*Asks:* 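Please see the structure below; I have some questions.
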Number of protein chains: 2
Amino acid sequence: MTVDIRKYKEIQQIKVAVDCIIFGFNDNRLELLLIHRGFQPEKGKWSLIGEFIGNDEDLDDAANRVLYGLSGLENIYMEQVKTFGKANRDSSGRVISTTYSAMILKSQYNEEHVNKYNAKWFPIDNLPELVFDHRDMVDSAIKRLRRRVRNFPIAFNLLPEKFTLPQLQALYEGILNEPIDKRNFRRKVAQMKYLVKLSEKDMSESKKGAYYYYFDEALYEIEQNFNL
Amino acid sequence: MTVDIRKYKEIQQIKVAVDCIIFGFNDNRLELLLIHRGFQPEKGKWSLIGEFIGNDEDLDDAANRVLYGLSGLENIYMEQVKTFGKANRDSSGRVISTTYSAMILKSQYNEEHVNKYNAKWFPIDNLPELVFDHRDMVDSAIKRLRRRVRNFPIAFNLLPEKFTLPQLQALYEGILNEPIDKRNFRRKVAQMKYLVKLSEKDMSESKKGAYYYYFDEALYEIEQNFNL
DNA sequence: GCAAAAGTGTTAAGGGTACACCCATGT
DNA sequence: ACATGGGTGTACCCTTAACACTTTTGC
């Protein structure tokens with residue numbers, strides 16, 4: 001900003017928070033981790049998880065702290081989505097909130113942490129009523145995810161390191177909410193040399209078994225031609 | 001956010017601001033409106049224009065207020081870009097700033113307002129040194145603009161209501177910073193039926209004269225197939 | 001041997017890109 | 001008549017989209 005800060009120092013009284021939209025993938029569906037509010041206002045409703053940021057804390061760090069507190073996970077890929085700043089958006093007072101979207105592996109998070117918050121996974125097409133403007137936050141995060149997932153290799157964050165192509169395709173179908181042609185999908189994957197096929201197979205989903213692949217980040221850096 | 005606000009009410013001391021990235025188009029170049037800081041800190045350097053937001057003011061409204069204060073223009077198309085929240089980003093204290101990008105007609109703004117701020121236009125490939133992280137703000141806004149301008153009819157905000165195809169092409173070349181094939185460009189324009197050709201010509205740029213076009217918003221709403 | 005999921009190629013259509021000349025007019 | 005910027009069409013290539021059968025193996 002550009003005006004003398006002293007002019008306002010005494011009078012501005014606005015809280016700053018982050019809210020996390022946490023995506024997971026399970027049972028071929030894109031899911032969201034929400035917490036059951038045990039406190040006022042809007043006690044009993046569902047909400048995203050968020051926190052106020054610390055006076056000396058980077059905004060990004062606050063988002064990571066929130067995610068860690070809920071899931072026990074660190075070094076998770078997060079993206080800032082949008083800042084929500086309507087004057088009356090939070091009934092408990094003036095709060096501006098920046099949203100971050102994260103993708104975690106449902107198999108990896110720490111259940112203890114999650115239980116502490118009464119958190120629960122919901123498929124994105126069957127969300128409960130959310131507090132404040134959290135529904136808008138979710139919608140914008142999903143929209144952004146659908147846009148970005150086609151051009152950047154970020155969806156892999158929702159799968160284990162080793163994954164099969166049927167898994168990957170199901171993930172994309174779940175995120176984009178539309179069927180994908182198997183052969184066209186696999187041809188595209190074949191062009192991405194940083195998606196490396198292993199000789200090992202996953203035998204848990206079929207009798208024939210599906211080859212495992214992994215995303216080789218170093219190879220991706222060389223030629224970033226992602227497009228699905 | 002999700003924790004009891006009272007827990008933090010007394011201790012959080014963070015200011016909230018907006019900064020505006022104001023684009024203009026002149027002499028076939030994309031330009032940016034910057035102000036010369038007449039106050040500390042960083043007095044004498046150039047910066048984006050911004051303000052702290054009011055206690056009861058929507059974040060979007062604050063951005064519009066800032067733009068109005070500088071240009072005298074209202075109802076200008078603006079988009080939120082990104083929020084910058086590093087703890088030490090502003091040397092005058094803890095300030096979080098959300099950036100907005102706007103596009104204005106250089107021929108329309110109120111020079112009186114502008115002069116009051118010692119504002120000046122700079123071509124985007126020749127910017128002066130900027131305060132704090134304003135350079136990052138500008139970079140992310142330009143990147144976003146380049147992405148969005150291909151898929152949404154927003155560039156028209158940088159041209160008068162009636163414009164010619166040579167003008168429009170030069171605008172796109174200026175924004176994208178790359179040459180565009182004239183015939184391919186015009187074929188695409190021809191497909192967009194909401195770009196309506198007038199019988200009137202602009203005779204100021206050539207002897208032959210170039211037909212005026214205008215962007216018909218109502219027609220666009222019907223089939224939103226923008227792609228340049 | 002059969003059910004169930006994994007894996008594999010070809011064709012047609014549309015979109016993108018590259019490219020060179022004529023037109024209208026003011027001087 | 002010539003200089004200047006406005007306007008036009010075609011061929012090739014690559015990407016996308018549609019579509020059906022074979023393979024493997026546990027039961």
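Lettering of chains follows the sequences in order, A, B, ..., and the numbering in each one begins at 1. Since this is a predicted model, take the numbers as computed values, not measurements.
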*Asks:* Measure centre to centre between the rings of B:Y214 and B:F163, then say whether the value is under 6.0 Å.
*Replies:* no
*Asks:* Rounded to whole angstrom units, what separation is found between the CZ atom of B:R150 and the P atom of C:dG16?
*Replies:* 11 Å
*Asks:* What is the distance from CG of A:N225 to P of D:dT15, rounded to the nearest Å?
*Replies:* 10 Å
*Asks:* Given that B:Q167 and A:K201 both sit by DNA chain D, which one's nearest nucleotide is further toward the 5' end?
*Replies:*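 The 5'-side residue here is B:Q167.
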*Asks:* Over how many whole Å does the gap from A:K208 atom NZ to D:dT22 atom P extend?
*Replies:*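 One finds 13 Å between P of D:dT22 and NZ of A:K208, rounded.
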*Asks:* Just checking A:D202: base, sugar-phosphate only, or nothing, at a heavy-atom cut-off of under 4.0 Å?
*Replies:*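 Nothing, no heavy atom under 4.0 Å.
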*Asks:* Parallel, tilted or perpendicular for A:Y220 and A:F215, by the 30°/60° rule?
*Replies:* tilted
*Asks:* What is the distance, rounded to the nearest whole Å, between atom NZ of B:K207 and atom C1' of C:dA24?
*Replies:*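 These atoms are roughly 11 Å apart.
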*Asks:* Take the protein atom CG of B:L168 and the nucleotide atom C1' of D:dG6, then report the distance between them rounded to whole Å.
*Replies:*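 In whole Å, D:dG6 C1' and B:L168 CG are 15 Å from each other.
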*Asks:* Figure out the CE/P separation between A:M203 and D:dT25, and round it to whole Å.
*Replies:*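 In whole Å, D:dT25 P lies 7 Å from A:M203 CE.
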*Asks:* Nearest nucleotide by nearest heavy atom, which residue falls closer to the 5' end of DNA chain C, A:E205 or A:K197?
*Replies:* A:E205
*Asks:* Say you draw a straight line from CZ of B:R135 to CG of B:L130; how long is it, rounded to the nearest 0.5 Å?
*Replies:*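 Output value for this atom pair is 6.5 Å.
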*Asks:* Using a cut-off of 6.0 Å, state whether more than 12 heavy atoms not belonging to A:Y172 lie near its atom OH.
*Replies:* yes
*Asks:* Which ones in residues 172-195 of chain B lie close to DNA chain C, meaning a heavy atom under 4.0 Å from one of its atoms?
*Replies:* B:D181, B:R183, B:N184, B:R187, B:K188
*Asks:* Hey, would you say the A:F226 and A:F152 ring centroids sit under 6.0 Å apart?
*Replies:* no
*Asks:* Can you confirm whether more than 12 heavy atoms, excluding those of B:K116, are under 6.0 Å from its NZ atom?
*Replies:*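 Yes, enclosed.
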